[in-house]
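Since the structure comes first, as C-alpha cells, the remarks are kept for the end.
In this chain, numbering begins with 1 at the start of the sequence shown. As a basis for the values below, the full set of heavy atoms in this structure was taken, side chains included, without hydrogen atoms, waters or symmetry mates.
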Amino acid sequence: MNDFMLTRLGTQLAIGLLEFPAILPYGLVARFGDDLGWLLYQIPSRRDRVVRTNLRLCFPQWHAARRNEVAGLHFRHRFRSHVELSIQWFGSEEKLAKLVWIDSEIDLLGPDMPSTLLLGAHFFGVEAGSIFINYALRRQCGALYHPISNPLPDKVAIEARGRFGSYMASRADSARIVLRWLRGRKPAMLCADMGYGKRNSIFVSFFGIPASTLTATGRLARARNARMVPFISEVLPGYRGYYLKGFKHRFGTLNNSLSLSIKMRERCLTEWSWPSAHGDNS
C-alpha cells in the first residue's frame with residue numbers, strides 16, 4: 001500500500017470519526033468538547049499566549065485572574081466548536097432546527113428582500129449559523145468558504161456547508177461571485193473579519209486597539225447598493241444550542257459592531273476568536 005493510499009485511508013477514517021457524534025445527543029457532544037478544551041488548556045501553547053496578549057491589549061483594566069478566566073473559557077469554547085462540527089455538518093435537519101434560534105432587528109423573510117450582505121464574524125457559533133441561515137431564511141443564499149488543501153475533506157466541507165441549498169464559492173473568487181449574487185438579489189453571507197494583507201486592509205479601532213481590517217465589503221455593498229446586516233452567532237448556555245442575532249448596520253464599521261456586540265453580551269468575550277482578533281471596515 002503506497003503513501004497516497006495510506007493518506008487517503010487516514011483521511012476517510014478521520015471523516016468517519018467526525019460523522020459519528022452526529023447521531024449522539026447534542027448535550028453529550030458539547031460536554032465532551034467542553035471537557036476536552038479544559039484539558040488542552042492545561043498545556044502551555046503559543047495560541048494561549050496570543051489569546052492572553054490580545055485580551056491584555058483590549059482590556060488593560062483587567063487583573064491577570066480575569067484574563068486567565070476568560071482565556072480558559074475561550075479554550076473550552078474553541079475545542080468544543082471543533083467537536084460540534086459533527087452536529088453542524090452531519091446532524092439531521094430536525095436536530096439543527098431545535099438547536100438554532102434566529103432573531104433580527106430587520107425583516108429577513110419578506111418576499112421583496114433587497115440585495116443584502118450578511119456579515120458574520122468568527123464567534124465559535126458561526127459555523128452553525130452560516131449553515132442553517134439559508135434554511136431559516138427560506139431562500140437560497142450565497143456563502144464564501146476557505147478551501148482546504150486536501151481535496152477529500154474540502155469536498156465534504158463544501159457539501160456539508162451547502163446542504164440546505166446555499167451556493168458555495170471559494171474566497172479566492174469572492175468579489176466577482178458576490179457581485180453576481182447581489183445582482184440576483186440573493187443574500188450573500190461572509191465572515192468579514194479576515195485579513196488579506198496590506199493591499200486590501202486598513203487599521204481600524206477594535207476595543208481601542210488598531211486592528212487589521214478589510215475594506216472590500218463596503219465596496220461590494222456600494223457597487224450593488226446592498227444593505228449590510230452584521231450578525232453574531234452565540235453559543236447558548238446550558239448546552240441549549242446557538243443564537244443568531246442580526247443587527248441594523250448603524251455602528252460605522254464592523255469593528256465597532258463587534259466591539260459593541262461583545263460589550264452588550266459579556267459571554268461573547270469567551271466566544272470570539274481572540275487568536276485572530278481583527279475586523280472589517282465597512
Side-chain angles (χ1 to χ4, degrees), residues 100 102-123 125-146 158 161-162 164-196 199-202 204 206 211-234 242-262 272-273 276 278-282:
V100 183
I102 298 180
D103 181 25
S104 178
E105 295 179 350
I106 61 175
D107 181 18
L108 296 176
L109 297 176
D112 299 321
M113 182 177 180
S115 298
T116 301
L117 274 175
L118 298 167
L119 304 179
H122 281 91
F123 293 95
V126 70
E127 185 80 10
S130 297
I131 289 173
F132 195 70
I133 200 167
N134 185 84
Y135 173 86
L137 296 188
R138 303 170 194 162
R139 53 165 49 90
Q140 283 189 308
C141 302
L144 301 182
Y145 73 95
H146 182 65
I158 292 172
R161 289 167 170 165
F164 294 120
S166 66
Y167 300 96
M168 303 299 299
S170 166
R171 72 177 192 178
D173 306 315
S174 58
R176 174 174 53 85
I177 293 176
V178 169
L179 288 173
R180 185 193 308 160
W181 289 338
L182 294 176
R183 185 169 60 246
R185 296 178 67 183
K186 294 181 177 66
M189 180 172 49
L190 59 147
C191 280
D193 55 328
M194 296 185 291
Y196 285 82
R199 178 180 172 185
N200 297 306
S201 302
I202 59 175
V204 177
F206 180 74
S212 177
T213 198
L214 290 177
T215 58
T217 52
R219 295 198 302 271
L220 289 170
R222 286 190 293 271
R224 288 290 178 259
N225 195 28
R227 66 179 177 179
M228 293 186 287
V229 181
F231 72 92
I232 61 172
S233 307
E234 300 179 42
Y242 314 93
Y243 173 72
L244 274 67
K245 175 68 176 180
F247 297 92
K248 292 180 180 178
H249 188 252
R250 58 175 179 268
F251 306 126
T253 68
L254 186 59
N255 276 14
N256 292 340
S257 301
L258 292 171
S259 299
L260 183 57
S261 299
I262 291 172
W272 169 249
S273 184
S276 55
H278 44 69
D280 170 36
N281 180 59
S282 306

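- Separating the CD1 atom in I133 from the CG atom in L118 is a distance of 5.0 Å, to the nearest 0.5 Å.
- L109 is linked by a side-chain contact (heavy atoms from CB on, under 4.5 Å) to D107, L137, R138, counting only residues two or more places apart in sequence or in another chain.
- Applying the side chain to side chain donor-acceptor pair (under 3.5 Å) test to residues at least two apart or on different chains, none of the pairs has a partner in residues 178-188.
- Taking both residues in full, the closest heavy atoms of M113 and P187 are given as CE-CG, 3.8 Å, listed atom of the first, atom of the second, then distance.
- The main-chain N or O of L182 is found under 3.5 Å from a side-chain atom of S115 such that the two form a donor-acceptor pair.
- One distance of note links OG of S233 with OH of Y243; it measures 11.0 Å at 0.5 Å rounding.
- For A128, the side-chain contact (heavy atoms from CB on, under 4.5 Å) partners two or more places apart in sequence, or in a different chain, are Q88, Y242.
- Partners of R227 according to the side chain to side chain donor-acceptor pair (under 3.5 Å) rule, which considers only residues two or more places apart in sequence or in another chain, are T116.
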task = Test side chain to side chain contact (heavy atoms under 4.5 Å, CB included) on S170 and Y145 and set out the steps.
result = CA-CA 5 Å; S170 166; Y145 73 95; 4.1 Å; yes
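- Under the rule for a salt bridge (charged side-chain N to carboxylate O under 4.0 Å, His left out), the partners of R161 that lie at least two apart in sequence or sit in another chain are E127.
- Atom CE of residue M168 and atom OG of residue S130 lie 8.5 Å apart, to the nearest 0.5 angstrom.
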message = Show, in sequence, the C-alpha distance, side-chain angles and deciding distance for L119 and F231, and conclude whether the side chain to side chain contact (heavy atoms under 4.5 Å, CB included) test is met.
response = CA-CA 6 Å; L119 304 179; F231 72 92; 5.7 Å; no
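- Contacts of L179 classified as side-chain contact (heavy atoms from CB on, under 4.5 Å), with partners at least two apart in sequence or in another chain: L220, A223, R224.
- The main-chain N or O of S166 is never found under 3.5 Å from a side-chain atom of Q140 such that the two would form a donor-acceptor pair.
- For the atom pair CG of L244 and CG of D103, the computed distance is 9.5 Å after rounding to the nearest 0.5 Å.
- Across every non-hydrogen atom of I106 and S104, the tightest pair is O-OG, 2.8 Å.
- Using bins of under 30°, 30° to 60° and over 60° for the plane-to-plane angle, the ring pair F164/F132 lands in the perpendicular bin.
- Side-chain atoms of V178 and L117, non-hydrogen and from C-beta on, do get closer than 4.5 Å to each other.
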